[in-house]
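Read through the structure below, which is laid out as structure tokens, and then see the notes.
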2 protein chains.
Amino acid sequence: MVSSAEAGVAFPSAPRAETTTQQIKNYILLNRLHPGDMLPTETEICVALGVSRSSVREAMRRLAALDIVEVRHGHGTFVGQLSLAPLVEGLVFRGILSPGDDLAALREVVDVRVALDTAMAESLASSLVGTSNPDLDTLVEEMEQKSAHGQPFLEADREFHSALASRLGNRLIQQLVTAFWEVHTAVYPQLGLAPARELDETARAHRSILRAAEAGDVIGLREAITAHYAPLRRALDGAKGAGDGSGRH
Amino acid sequence: MVSSAEAGVAFPSAPRAETTTQQIKNYILLNRLHPGDMLPTETEICVALGVSRSSVREAMRRLAALDIVEVRHGHGTFVGQLSLAPLVEGLVFRGILSPGDDLAALREVVDVRVALDTAMAESLASSLVGTSNPDLDTLVEEMEQKSAHGQPFLEADREFHSALASRLGNRLIQQLVTAFWEVHTAVYPQLGLAPARELDETARAHRSILRAAEAGDVIGLREAITAHYAPLRRALDGAKGAGDGSGRH
DNA sequence: AAATATTTGTACGTATGTATA
DNA sequence: CTATACATACGTACAAATATT
């Protein structure tokens with residue numbers, strides 16, 4: 001057995017890589033490092049913690065997966081951005097894996113999007129009332145133009161929702177809105193449904209959302225949000241009995 | 001179904017451990033494995049993918065961090081539960097790390113809790129109207145009793161919010177509610193604030209929430225939710241200028 | 001522009017702890 | 001209790017990417 005006097009490893013039942021993970025997190029907290037700050041090299045951490053490099057590397061992988069650290073090959077290790085990317089990856093995987101009828105997971109994601117948008121409505125209306133927002137206007141115009149030519153406008157859509165959420169001054173909610181947007185758009189095309197054809201309807205819904213918010217019309221804003229997700233809801237409900245098509249795939 | 005260049009020759013610029021991660025995910029998807037299903041052993045994966053043990057292990061660590069796989073020492077590797085634990089860990093870390101005034105991150109978390117609860121209000125009221133819910137009643141009584149004796153009721157609080165969210169039939173929202181509850185309760189005591197003293201007020205708020213929901217009173221439910229978070233909001237606002245003096249960069 | 005030092009990425013061998021039959 | 005299968009951990013060597021001189 002390992003000499004228990006070594007490096008304060010009290011509980012041999014706790015895996016090395018796990019305790020190493022916690023120690024690295026503690027290092028970041030104790031030294032009050034910010035995202036982007038550099039961490040010691042792997043070899044330095046090895047000698048500091050008295051563990052092998054494999055354990056440090058596995059701990060780093062774990063932390064990198066959570067965006068707590070960011071590793072750059074040949075350069076070094078840094079404090080991560082603490083984004084919601086891990087949430088997105090997990091939910092996308094769940095959405096694609098989702099057994100039986102694949103649509104249940106996606107429908108849940110859409111419901112969360114609706115819930116977040118609806119929850120935003122009130123403070124959004126009071127934030128935007130009486131203002132003009134050229135950036136959002138430009139995005140809506142881009143959507144309308146592209147929809148008129150039958151072209152998709154994924155990036156503008158993303159920008160619109162993100163910019164709208166940014167008005168709340170709560171970065172976490174903005175990140176959540178963006179995260180679920182990403183999950184949604186990543187999962188949807190995997191399910192083999194027909195791509196949304198009601199582009200103009202969606203574009204108009206964005207226009208309505210912006211107009212209602214700028215008018216401070218909470219009721220109208222809620223209705224516009226509902227209308228915004230209507231085409232998607234129809235697509236999901238319409239494909240309800242389509243099964244999983246196990247013969248294909 | 002999977003992005004094209006994965007099964008075959010990988011890009012030389014893509015790190016081994018990263019492509020290995022994707023390949024393991026693909027294996028789960030292609031074989032339609034469910035949470036709890038067993039995966040091949042590490043050595044089998046090594047020979048199947050033609051990579052070394054280290055790469056497989058680092059890939060497994062990454063996937064385990066996201067709860068996509070679960071490794072049991074001496075037993076094997078299994079498909080994970082795809083929970084929101086990664087989100088919780090990341091947000092807790094961010095909440096504790098949060099620079100400058102530590103309360104900003106926690107306040108954002110609380111705002112998200114309010115947003116989720118508020119978004120739930122409408123469908124919750126229509127789900128619970130006219131029903132009686134002995135499980136929720138029991139939990140509220142437990143809170144009232146404990147608060148009368150000055151005792152905290154953390155577990156009952158957790159159960160209440162989780163059980164309430166379960167009524168929506170959307171497991172993702174329920175998981176989100178629980179996840180942000182966990183972040184909240186994990187971060188709060190780390191900030192050195194006085195523990196919440198208004199226990200009776202919080203207990204009463206839960207009673208009001210349940211009563212309003214069972215009465216189908218959406219307005220009253222929203223008010224009860226606001227009241228529920230009022231003590232916490234006061235604590236956060238009261239400690240506004242209590243920075244730690246470390247300064248921002 | 002090119003060599004070089006630093007740092008992470010990958011591979012392999014070996015020994016050990018852990019769970020199951 | 002023994003045996004087997006598996007994950008965990010360590011150490012070393014080398015490859016690849018990056019920055020600096």
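Each chain gets a letter, A, B and so on, in the order the sequences are listed, and its residues count up from 1.
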Partners passing ring-ring contact (aromatic ring centres under 6.0 Å, His included) against Phe160(B) (at least two apart in sequence or in another chain)
His206(B)

Ionic contact status for Arg16(A) with Glu58(A), cut-off 4.0 Å:
no

Could you run down the sub-3.5 Å N/O contacts of the protein with nucleotides 4-8 of chain C?
unit_1 : atom_1 : unit_2   : atom_2 : d
dT8(C) : OP1    : Thr77(A) : OG1    : 3.4
dT8(C) : OP2    : Glu42(A) : N      : 3.1
dT8(C) : O4'    : Gly74(A) : N      : 3.4
dT8(C) : O2     : His73(A) : NE2    : 3.1

Please report, rounded to the nearest Å, how far the P atom of dT8(D) is from the CD atom of Glu70(B).
11 Å

Rounded to the Å, how far apart are Glu58(B) CD and dA7(D) C1'?
15 Å

Choose from dC10(D), dG9(C), dT8(D) the nucleotide whose nearest atom is closest to any side-chain atom of Pro15(B).
dG9(C)

Is the phosphate of dG11(D), meaning OP1 or OP2, less than 4.0 Å from a side-chain N or O of Ser54(A)?
no

Let me know the distance between CZ of Arg16(A) and P of dT16(C), rounded to the nearest Å.
14 Å

To the nearest Å, give me how far apart CE (Met60(B)) and C1' (dT10(C)) are.
17 Å

Under 3.5 Å, is there a donor-acceptor pair between the side chain of Ser162(B) and the main chain of Arg158(B)?
no

Would a 4.5 Å heavy-atom cut-off, applied to side chains only, mark Leu84(A) and Leu176(A) as touching?
yes

Distance, rounded to the nearest Å, where Glu18(B) contributes CD and dA16(D) contributes C1'
16 Å

Nucleotide opposite dT20(D) in a Watson-Crick or G-U pair, distances under 3.5 Å:
dA3(C)

Can you find a side-chain donor-acceptor pair between Glu70(A) and Thr77(A) that sits under 3.5 Å?
no

Could I get the full list of salt bridge (charged side-chain N to carboxylate O under 4.0 Å, His left out) partners for Glu108(B), not counting sequence neighbours?
none

